[in-house]
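To find a chain, count down the sequence lines: A is the first, B the second, and so on, and within it residues start at 1.
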Protein chains: 2
Amino acid sequence: MSNIVERLRNSNIKPSYARIKIMEYLMEHPVHPTVEEIYQNLVREIPTLSKTTVYNTLDLFIRHNLARVITIEENETRYDADTTNHGHFKCETCGALYDFTVDEDNLATRGLGDFVVTEKHVYFKGICKKCLYNQ
Amino acid sequence: MSNIVERLRNSNIKPSYARIKIMEYLMEHPVHPTVEEIYQNLVREIPTLSKTTVYNTLDLFIRHNLARVITIEENETRYDADTTNHGHFKCETCGALYDFTVDEDNLATRGLGDFVVTEKHVYFKGICKKCLYNQ
DNA sequence: ATATAATTTTGTACTGTTTACATTTTATAT
DNA sequence: ATATAAAATGTAAACAGTACAAAATTATAT
């Protein structure tokens with residue numbers, strides 16, 4: 001809890017209750033939740049919470065690099081409080097999302113000569129272990 | 001034109017006029033157009049075209065691996081007829097999308113032991129050459 | 001402590017993309 | 001020519017996300 005307050009303060013974000021709770025939820029549920037998931041779970045604890053606040057707060061986090069958007073899903077945007085380099089795997093059978101380690105720094109590319117790269121994203125799709133064996 | 005008919009036939013897709021034209025548009029405009037762009041441009045030539053047909057046809061292409069979805073944009077889905085491995089770069093200043101060559105096969109990963117990977121996607125964000133120099 | 005200002009949160013209405021589905025049109029085969 | 005299957009169309013609806021103004025909360029100054 002207090003480390004979350006620290007995290008927010010370090011980014012010059014006033015640690016309001018909603019902001020703390022949303023960041024806490026993101027960090028404790030690293031399954032890349034959607035706005036809907038975050039809202040439905042937190043509204044139990046914060047009955048006055050509005051979905052707009054969740055959107056606003058997540059946008060705030062992203063502008064301050066405390067969270068990232070994951071665009072692996074076509075319809076719904078997902079959020080991730082882990083801003084270090086890592087890849088995402090989506091199982092097309094069960095829909096689950098997994099993190100994996102990827103060496104993005106040594107990724108060989110051609111055709112980006114003078115471009116400034118600020119974000120690198122890697123995502124795979126396929127079938128996860130569970131779906132391969134458990135049925 | 002006839003090579004497009006071939007492409008469709010090879011995937012057991014009946015080459016109707018709309019399908020040929022949509023595939024042709026995708027191949028001649030490798031800027032990863034949206035449904036809206038494809039529709040607005042083709043409806044001039046095919047006045048009876050409906051947006052639903054564009055959606056249906058693109059879904060059909062994707063199911064037959066003749067096109068890919070690019071999920072680099074948050075709001076609108078983009079489509080790409082080039083299904084070979086390559087990365088996408090989005091300029092956050094001008095919004096343009098660029099292709100680049102990426103060695104996806106030799107991408108070092110950890111944590112995907114027994115997973116079957118069917119698709120690998122790499123996309124970067126940053127500032128393109130034009131935006132860096134031309135202003 | 002109180003008033004004032006600034007910030008945060010909320011709710012409603014709206015926008016725009018995508019889907020569902022029934023109808024119409026077009027192609028294919030008998 | 002007629003029946004059957006496939007493709008295309010149009011409308012309505014679903015749904016995520018945004019705009020914005022009002023309300024509530026928090027901070028600041030007197």
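Each of B:Leu49 and B:Lys14 has a nearest nucleotide on DNA chain D; the 5'-most of these lies closest to B:Lys14. The nearest heavy atom of DNA chain C to B:Arg78 and to B:Asn56 marks one nucleotide each, and the one closer to the 5' end goes with B:Arg78.
Remark: B:Ser16 is not in phosphate contact with D:dA7, judged by side-chain N or O atoms under 4.0 Å from OP1 or OP2. Side-chain nitrogen and oxygen atoms of A:Thr52 include none within less than 4.0 Å of the OP1 or OP2 phosphate oxygen of C:dT10. Taking only side-chain nitrogens and oxygens, B:Thr77 comes nearer than 4.0 Å to OP1 or OP2 of C:dT18.
Per the geometry, CZ belonging to A:Phe61 stands 13 Å off C1' belonging to C:dT8, to the nearest Å. Atom CG in A:Leu8 sits about 11 Å away from atom P in C:dT8, given to the nearest Å. A straight line from NZ of B:Lys51 to C1' of D:dA13 spans 15 Å, rounded to a whole angstrom. Protein atom CG of B:Asn75 is 21 Å distant from nucleotide atom P of C:dC14, rounded to whole Å. Rounded to whole angstrom, the span from the CD atom of B:Glu76 across to the C1' atom of D:dG17 amounts to 13 Å. Taking atom OH on A:Tyr79 and atom P on D:dA16, their separation rounds to 12 Å, with Å as the unit. Here D:dC15 presents its P atom at 13 Å from OH of A:Tyr55, a figure rounded to the nearest Å. The NZ atom of A:Lys21 sits 19 Å away from the P atom of C:dT8 (whole-angstrom rounding).
Side chains of B:Asp103 and B:Asn106: a donor-acceptor N/O pair is present below 3.5 angstrom, by distance only. When only modelled atom types and interatomic distance are considered, B:Thr71 and A:Tyr123 share a side-chain donor-acceptor pair under 3.5 Å.
Of the candidates D:dG17, C:dT10, D:dT18, the closest approach to any side-chain atom of A:Ser50 belongs to C:dT10. Here the side chain of A:Val35 is nearest to one of D:dT9, C:dT18, D:dG17, namely D:dG17.
Remark: aromatic rings of A:Phe115 and B:Tyr98 are close, center separation under 6.0 Å. Aromatic rings from B:Phe100 and B:Phe124 are positioned such that their centres are separated by under 6.0 Å.
Taking the six-membered ring for Trp and thresholds of 30 and 60 degrees, B:His29 and B:Tyr25 have nearly parallel ring planes, at less than 30 degrees apart.
Across all strands, B:Thr34 comes closer than 4.0 Å to no nucleic acid atom at all (heavy-atom distances).
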